Amino acid sequence: MESEKKLLSIIVPVYNEEKNVPLFYEKIKVVLDALNYAWEIVFINDGSRDNSIFELEKIAEKDARVRMIDFSRNFGKEIAVTAGINSCRGDACIVLDADLQHPIEMIPEFIKKWEAGVEVVVGVREKNKGEGFIKKAGSYFFYKMINRISDMEIVTRATDFRLIDRVVIDEFNKLSERNRMTRALIDWLGFRREYIQFEANERIHGVPAYSFWKLVHLAFNSVISFSLFPLKLAGYLGVIITFLSGILGVFIILDRYIFKEVGFSGSAILAVVILFLIGIVLICLGLIALYIANIHAEVTNRPMYIVRKKKRVIPESLRSHNIS
Ligand code: UDP
Ligand code: MG
């Protein structure tokens, strides 16, 4: 019976993709219909400035399985994907880019892993055709750095192209932090994860909306929200400076009153004293930073732990989706 099929939600953030949207819909429909699942597509119009909204409305009107969330302005992909995950009703959802860079023909592979019990299936990009050197180098250094300084391991080239199970969706929906990198949060949640390699297609229409600076901004945000290292940096620096100038100071005093060998000038002594004091100020900053770190942790209000609950089975009569 059709109504007993599991429901798959496809989540697609859309920002200025008027040409890609119809194409995307036609292509994904074929892939989804070939599967033995009920499905829905949730498009999030992230304040597009072109005619994406009309294209989306057209599709949603024709096809009851397609829904649209229309943002009042551009909030960024991270928030758009969050909105999609918040509102999807599926037993699992798959996040996809509207520009067809994520190969939709790989969806069955993701589902196969999911059916085998994996709760988060992550697409890992092998190559990105037509990606500039700066972007490549940037993402390389970003992953190197964040893996070095943050507490969790982030797989290089892991993308937003991923399937997440309902148990993970429910936990994700409880997270309330605003400045977010969706994929890092999903990683933070844990659960059984597996990776699938894919080769990103070239963008067919339009231009990538993520400019260099937007990516830099995103990278900074995720470093700040997953690592305390930048906060502690001032403190470390202070300790080093105080230590070194302290040794130098002792040496100067010994020289001045006992050995009388070098004969440091007045300005040299002044410089060492100032350095020493700067070191102490930095240490104080580091201490304050530790308190801020605690406040930061409390404010983001992440749950202290995540429990893997048994999957709820919702009785058919209570299911809100009604797909025939
Ligand atoms: N996107 C969005 N809001 C934005 C920027 C992008 O919803 O502010 C969407 C965009 O429509 C696409 C996906 O996010 O579906 C990936 O964007 P893009 O192709 O520009 O990024 P890249 O492929 O370079 O990661
Ligand atoms: Mg793209």
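Just follow the structure's listing: the first ligand is 1, and inside any ligand the first atom is 1. Side-chain atoms are counted along with the backbone in the values below, which use heavy atoms only and exclude waters and symmetry mates. Remember, predicted model here, so these are calculated numbers, not experimental data.
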Is a salt bridge present between [X] and [Y], judged by a nitrogen-to-oxygen distance below 4.0 Å?
X    : Y    : value
D187 : R183 : no
E61  : K58  : no
K174 : E171 : yes

Got a sec, which residues hit side-chain hydrogen bond (donor to acceptor under 3.5 Å, both in side chains) with D63, two or more places apart in sequence or on another chain?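 Partners of D63 under the side-chain hydrogen bond (donor to acceptor under 3.5 Å, both in side chains) test: Y25, R65.
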
For atom 8 (O) of ligand 1, state which one of T159, N74, V95, V14 supplies the nearest heavy atom.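 Answer by nearest heavy atom: N74.
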
For [X], counting its heavy atoms only, list the atoms of ligand 1 lying under 4.0 Å from any of them.
X   : result
D97 : 13 (C), 15 (O), 16 (C), 23 (O)
G76 : 3 (N), 8 (O)
A98 : 15 (O)
E17 : 10 (C), 11 (O), 12 (C), 15 (O)

Can you count the protein N, O or S atoms that lie less than 2.8 Å from the Mg ion (ligand 2)?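 Total protein N/O/S atoms under 2.8 Å from the Mg ion (ligand 2): 2.
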
What part of K77, side chain from CB on, backbone N/CA/C/O, both or neither, has a heavy atom under 4.0 Å from ligand 1?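 It is both backbone and side chain that touch ligand 1.
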
Any idea how Y236 and F229 line up, ring-wise: parallel (<30°), tilted (30 to 60°), or perpendicular (>60°)?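 It falls in the tilted class, 30° to 60°.
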
Name every donor-acceptor pair, under 3.5 Å, that has one atom in a side chain of residues 43-50 and the other anywhere in the protein, sequence neighbours excluded.
residue	atom	partner	partner atom	Å
N45	OD1	S48	N	3.4
N45	OD1	S48	OG	2.6
N45	ND2	D70	OD1	2.8
D46	OD1	F75	N	2.6
D46	OD1	G76	N	3.4
D46	OD2	N74	ND2	3.1
D46	OD2	G76	N	3.0
S48	OG	V14	O	3.4
S48	OG	N16	N	2.9
D50	OD1	S52	N	3.1
D50	OD1	S52	OG	2.7
D50	OD2	E17	N	3.4
D50	OD2	E18	N	3.1
D50	OD2	S52	OG	3.4

Do the non-hydrogen side-chain atoms of E199 and P103 ever get within less than 4.5 Å of each other?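 Heavy-atom side-chain distance check fails, nothing below 4.5 Å.
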
What pairs with R192 under salt bridge (Lys or Arg N to Asp or Glu O under 4.0 Å), at least two apart in sequence or on another chain?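 Only E119 meet the salt bridge (Lys or Arg N to Asp or Glu O under 4.0 Å) criterion with R192.
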
With respect to L96, which candidate in D160, L163, I107 satisfies the side-chain contact (heavy atoms from CB on, under 4.5 Å) definition?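 Testing L96 for a side-chain contact (heavy atoms from CB on, under 4.5 Å) against D160, L163, I107 leaves exactly one candidate, I107.
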
